[in-house]
Amino acid sequence: MDKKDEGIVRTRFAPSPTGYMHVGNLRTALYCYLIARKLKGTFVVRIEDTDRNRFIEDAEKVIFDTLKVCNLDYDEGPNKEGKVGPYKQSERVKQGIYLKYAKQLVEQGDAYYCFCGKEEIEEETCENNAFEKFKCNCPNLTKEEIENNIKQGKPYVIRQRIPEGKTSFVDAIYGTIEVDNSELEDMILIKSDGYPTYNFANIIDDHLMNITHVVRGCEYLSSTPKYTLLYKALGWNEPIYIHCPHITDEEHKKLSKRLGHASVNNLLKEGFLPQAIVNYIALLGWSPEDGQEILSLSQLIEEFDYHKIHKSSSVFDLKKFKWMNGEYYKAMSSEEFFEFIKPQLNRFPTEYSYEELADLLQERIECYSDIDNVLDFINELPDYTNEIFENQKLKVTKDIALEMLTKILPILEKTNDYSKDNITNVVKEFITEQNVKNGQVLWPLRAALSGKMSSAGGAYELFVVFKKDESIRRIKTAIQKLSEELK
RNA sequence: GCUCUCAUCGUCUAGUGGCCUAGGACACCAGCCUCUCACGUUGGCAACACGGGUUCAAAUCCCGUUGGGAGUACCA
């Protein structure tokens with residue numbers, strides 16, 4: 001990245017508090033964070049809460065909790081005041097920051113008061129083509145007319161006055177984009193409730209907060225020319241724009257709230273690790289030079305280069321994401337994984353070994369919902385038929401199974417230490433004694449313990465899970481069933 | 001509709017005119033390992049949207065077509 005920018009870079013994550021964090025949002029935050037950290041700059045968080053109709057309790061908490069759990073620490077923001085605060089737009093409104101600049105623009109002739117109500121605009125545009133732009137006479141009102149209207153208490157908004165000509169701006173990803181100003185609408189800067197619109201507050205704050213790199217979704221690409229015009233009118237320099245392509249679902253549509261995996265919070269609840277989430281979304285629309293796919297946050301900081309962000313959108317592939325999460329599970333120590341998965345184990349009998357259960361899960365699950373599949377032999381024995389004792393490849397028949405189980409049962413009953421090491425020794429000793437193949441003992445044991453053709457873990461692991469009582473009970477059941485049939 | 005924008009295996013991607021009979025990863029399939037499953041490992045399947053140019057040479061540059069996405073709010 002640009003060495004010359006080192007130390008002076010300021011990026012900002014500017015979410016509006018909607019009550020949930022979209023993975024696209026998180027990726028934007030991540031890219032902001034990476035750029036700031038890579039260039040030893042400053043990462044700012046600013047809350048854009050100018051929509052008073054959409055106030056949601058605890059919405060900000062979701063944002064900060066998510067950033068925290070993902071380790072994206074910020075340098076300035078709410079509860080971390082810097083020199084250019086406050087960092088909540090609703091508080092900035094109270095200081096009259098936005099109105100001041102709006103009035104300045106009106107003075108200059110770059111904005112105007114508009115007294116048209118929402119209803120009449122809607123009526124007008126409905127009668128004509130729905131796509132047609134609304135035109136009123138407000139831009140041409142005289143000073144006296146305006147003053148009169150205001151005196152009468154007529155509600156008004158302040159709109160940007162779009163000049164004639166063409167406007168172009170440069171985006172770091174998409175290059176130069178030019179549009180004819182006739183395509184641009186006189187957008188509202190100040191709403192009738194006195195609050196600024198997102199568009200206006202955004203550029204004012206980005207400038208006042210000395211933001212150098214503006215990272216946002218590419219849905220803003222089409223409104224950026226309007227911002228360019230505003231910057232020009234105010235005589236300010238534009239930041240570097242970095243518009244990121246969208247993250248989509250399998251149908252190539254914008255990831256919607258309905259889909260569980262659009263929400264970071266849901267992902268967390270489903271057992272996805274923050275590091276895996278961060279790692280995966282970083283790779284949606286960007287990839288490191290060496291092609292490595294498993295990257296820690298510090299590796300991401302090292303490798304990230306915003307110039308290499310793609311132009312085309314990418315699909316959020318749950319399968320690959322699950323794979324990656326599984327990789328993170330496997331990379332944990334068994335102690336770490338045990339602590340992580342413990343709360344999910346509550347629904348299994350407490351007399352069983354949770355440690356061994358966790359061990360069985362670690363290499364077999366990629367998120368919580370896989371657990372029941374893997375541990376389906378725990379509570380019941382659904383496929384418990386005598387057929388499971390037969391295995392042609394291992395030369396195991398029901399007779400042999402019955403014989404082995406019957407012979408080993410007294411040994412198991414005498415054994416009290418059901419630790420992995422000991423139980424392994426006991427069984428191995430028996431195998432040697434009998435002079436048979438491993439499988440001829442282990443297969444019947446595994447089948448008896450799990451009651452299934454296939455199970456997570458082998459005979460030894462299952463002994464450890466069930467410990468003595470349940471192990472004996474299951475083997476006795478197997479013996480009984482087999483002898484009933486073979487009588 | 002209009003404006004902007006995008007286009008390599010099913011998906012994430014490497015690729016910036018010759019190194020490409022297009023590489024990697026997920027998924028899928030097969031072999032090996034093995035007391036089953038899983039893990040691991042080895043191999044396989046599979047793509048430059050289409051049509052024109054430019055060039056000795058194009059996935060890479062230009063134009064068009066088709067297809068996708070976004071915007072078009074007193075939402076952000």
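First the proteins, then the strands, lettered A, B, ... as listed; each starts at 1.
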*Asks:* Which base sits across from A49(B) as a Watson-Crick or G-U pair, both distances under 3.5 Å?
*Replies:* U65(B)

*Asks:* Give S314(A) one of three labels, base, sugar-phosphate or nothing, depending on what nucleic acid heavy atoms sit under 4.0 Å from its own.
*Replies:*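 Here S314(A) touches the backbone only, sparing every base.
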
*Asks:* With a 3.5 angstrom cut-off on both distances, give the Watson-Crick or G-U wobble partner of A14(B), or none if there isn't one.
*Replies:* none

*Asks:* Look at the side chain of R364(A) against the base of C37(B) and say whether a donor-acceptor pair falls under 3.5 Å; ignore hydrogens and angles.
*Replies:* yes

*Asks:* Compare all side-chain heavy atoms of P163(A) with those of N181(A) and state whether any distance is below 4.5 angstrom.
*Replies:*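 They are in contact (side-chain heavy atoms under 4.5 Å apart), so the answer is yes.
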
*Asks:* Determine whether P239(A) and V214(A) make a side-chain contact, defined as any pair of heavy atoms from C-beta on separated by less than 4.5 Å.
*Replies:*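 The answer is yes; the side chains approach within 4.5 Å.
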
*Asks:* Heavy-atom distance under 4.5 Å between the side chains of E363(A) and F337(A), does that happen here?
*Replies:* no

*Asks:* Do Q362(A) and S334(A) come within less than 4.5 Å of each other through their side chains, counting heavy atoms only?
*Replies:*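 Yes; the side chains approach each other to less than 4.5 Å.
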
*Asks:* Do any side-chain nitrogens or oxygens of T197(A) fall under 4.0 Å of OP1 or OP2 in C74(B)?
*Replies:* no

*Asks:* Using a strict heavy-atom distance below 4.0 Å, which residues from residues 421-440 of chain A are in contact with RNA chain B?
*Replies:*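 Listed by number, they are N438(A), G439(A).
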
*Asks:* What does V179(A) touch in the nucleic acid at a heavy-atom separation under 4.0 angstrom: a base, only the sugar-phosphate, or nothing?
*Replies:* sugar-phosphate

*Asks:* Using the C1' atoms only, state how far U21(B) lies from A27(B), rounded to an integer number of Å.
*Replies:*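 Nearest-Å result for A27(B) against U21(B) at atom C1': 26 Å.
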
*Asks:* Mind checking if K226(A) touches a base, just sugar-phosphate, or nothing, with heavy atoms under 4.0 Å?
*Replies:*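 The answer is nothing, as K226(A) stays clear of every strand by at least 4.0 Å.
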
*Asks:* On RNA chain B, compare the nucleotides closest to K308(A) and I188(A); which residue's is nearer the 5' end?
*Replies:*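 It is K308(A) whose nearest nucleotide is closer to the 5' end.
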
*Asks:* Between residues 216-223 of chain A and RNA chain B, which residues have a heavy-atom gap below 4.0 Å?
*Replies:* E219(A), Y220(A), S222(A)

*Asks:* Does D110(A) reach the main-chain N or O of L105(A) with its side chain, forming a donor-acceptor pair under 3.5 Å?
*Replies:* no

*Asks:* Have a look at T50(A) and say if it touches a base, only the backbone sugar-phosphate, or nothing, with a 4.0 Å heavy-atom cut-off.
*Replies:* sugar-phosphate

*Asks:* For A25(B) versus U41(B), give the span between their P atoms, rounded off to a whole number of Å.
*Replies:* 10 Å

*Asks:* Would one find a side-chain N or O of K191(A) under 4.0 angstrom from OP1 or OP2 of A76(B)?
*Replies:*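 Affirmative; the distance criterion is met.
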
*Asks:* With a non-hydrogen cut-off below 4.0 angstrom, is L284(A) in contact with a base, only sugar-phosphate, or nothing?
*Replies:* sugar-phosphate

*Asks:* In whole angstrom, give the distance that lies between atom CG of N325(A) and atom P of C12(B).
*Replies:*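 N325(A) atom CG is separated from C12(B) atom P by 20 Å.
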
*Asks:* Using a cut-off of less than 4.0 Å, is there contact between a side-chain N or O of H310(A) and OP1 or OP2 of U13(B)?
*Replies:* yes

*Asks:* Toward the 5' end of RNA chain B, which comes first, S16(A) or P288(A), by nearest nucleotide?
*Replies:*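 The residue whose closest nucleotide sits nearer the 5' end is P288(A).
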
*Asks:* Taking the side chain of R54(A) as its heavy atoms from C-beta onward, which of A27(B), C6(B), A73(B) lies nearest to it?
*Replies:*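 So the nucleotide nearest the side chain must be A73(B).
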
*Asks:* Checking contacts here: which listed nucleotide (U5(B), C2(B), C74(B)) is nearest the side-chain heavy atoms of Y174(A)?
*Replies:*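 Between U5(B), C2(B), C74(B), the one nearest the side chain of Y174(A) would be U5(B).
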
*Asks:* Looking only at side-chain atoms of E183(A), point me to the closest of A38(B), U3(B), U36(B).
*Replies:* U3(B)

*Asks:* Within this structure, what is the CG-to-C1' distance between D186(A) and A73(B), rounded to whole angstrom?
*Replies:*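 Roughly 15 Å, once rounded to whole Å.
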
*Asks:* Distance alone, cut at 3.5 Å: any donor-acceptor contact between the side chains of K407(A) and Q434(A)?
*Replies:* yes

*Asks:* Counting only Watson-Crick pairs (N1-N3 plus N6-O4 or O6-N4) and G-U wobbles (N1-O2, O6-N3), all under 3.5 Å, who is the partner of G71(B)?
*Replies:* C2(B)

*Asks:* When all nucleic acid strands are considered with a 4.0 Å heavy-atom cut-off, which category describes K322(A): base, sugar-phosphate, or nothing?
*Replies:* nothing

*Asks:* F304(A) vs W286(A) aromatic rings, parallel, tilted or perpendicular, using cut-offs 30° and 60°?
*Replies:* tilted

*Asks:* Calculate the interatomic distance between I247(A) atom CD1 and A70(B) atom C1'; express it in whole Å.
*Replies:*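 That distance rounds to 15 Å.
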
*Asks:* Can a side-chain donor-acceptor contact be found between D421(A) and S419(A) if the only test is distance below 3.5 angstrom?
*Replies:* no

*Asks:* Pairing donors with acceptors under 3.5 angstrom, does anything connect the side chains of Y280(A) and D317(A)?
*Replies:*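 Their side chains do not contain a donor-acceptor pair, so the 3.5 Å distance test is not met.
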
*Asks:* Once the angle between the rings of Y113(A) and F115(A) is folded into 0 to 90°, is it parallel (under 30°), tilted (30 to 60°) or perpendicular (over 60°)?
*Replies:*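 If you compare the ring of Y113(A) with that of F115(A), the planes turn out parallel.
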
*Asks:* Have a look at Y280(A) and say if it touches a base, only the backbone sugar-phosphate, or nothing, with a 4.0 Å heavy-atom cut-off.
*Replies:*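 Nothing, no heavy atom under 4.0 Å.
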
*Asks:* Take the protein atom CG of N181(A) and the nucleotide atom P of C2(B), then report the distance between them rounded to whole Å.
*Replies:* 20 Å

*Asks:* Taking atom types as modelled and ignoring hydrogens, do the side chains of Y328(A) and N279(A) form a donor-acceptor contact shorter than 3.5 angstrom?
*Replies:* yes

*Asks:* Quick one: look up who C19(B) pairs with, Watson-Crick or G-U, both distances under 3.5 Å, and put none if it's unpaired.
*Replies:*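 Partner of C19(B): none.
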
*Asks:* How close or far is atom P of C12(B) from atom CD1 of I277(A), stated in whole angstroms?
*Replies:*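 Whole-Å distance recorded here is 19 Å.
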
*Asks:* Which of the following nucleotides, C35(B), C39(B), A25(B), is nearest to the side chain of E293(A)?
*Replies:* A25(B)

*Asks:* How long is the line joining CG of D249(A) and C1' of G69(B), in whole Å?
*Replies:*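 Atom CG in D249(A) sits about 12 Å away from atom C1' in G69(B).
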
*Asks:* Is the distance from OP1 or OP2 of A7(B) to the nearest side-chain N or O of K311(A) less than 4.0 Å?
*Replies:* no

*Asks:* So does K320(A) reach the base of A27(B) with its side chain, donor to acceptor, closer than 3.5 Å?
*Replies:*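 For K320(A), whose side chain was compared with the base of A27(B), there is no donor-acceptor pair (under 3.5 Å).
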
*Asks:* Could you tell me which nucleotide pairs with C28(B) by Watson-Crick or G-U wobble geometry, both distances under 3.5 Å, or answer none if nothing does?
*Replies:*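 Across any shown strand, C28(B) pairs with G44(B).
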
*Asks:* ring-ring contact (aromatic ring centres under 6.0 Å, His included): which pairs involve residues 166-195 of chain A, sequence neighbours left out?
*Replies:* F169(A)-Y241(A)

*Asks:* Between the side chains of Y112(A) and D186(A), does any donor sit under 3.5 Å from an acceptor?
*Replies:* yes

*Asks:* Tell which nucleotide pairs with U55(B), taking only Watson-Crick or G-U wobble pairs whose two distances are both under 3.5 angstrom.
*Replies:* none

*Asks:* Starting at atom NZ of K319(A), determine the distance to atom C1' of G10(B), rounded to an integer number of angstrom.
*Replies:* 9 Å

*Asks:* Please give the nucleotide sitting opposite A38(B) as a Watson-Crick or G-U wobble pair, both distances under 3.5 Å, or none.
*Replies:*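 WC or wobble partner does not exist here.
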
*Asks:* For I162(A) and U3(B), what is the distance between atoms CD1 and C1' respectively, to the nearest whole Å?
*Replies:* 14 Å

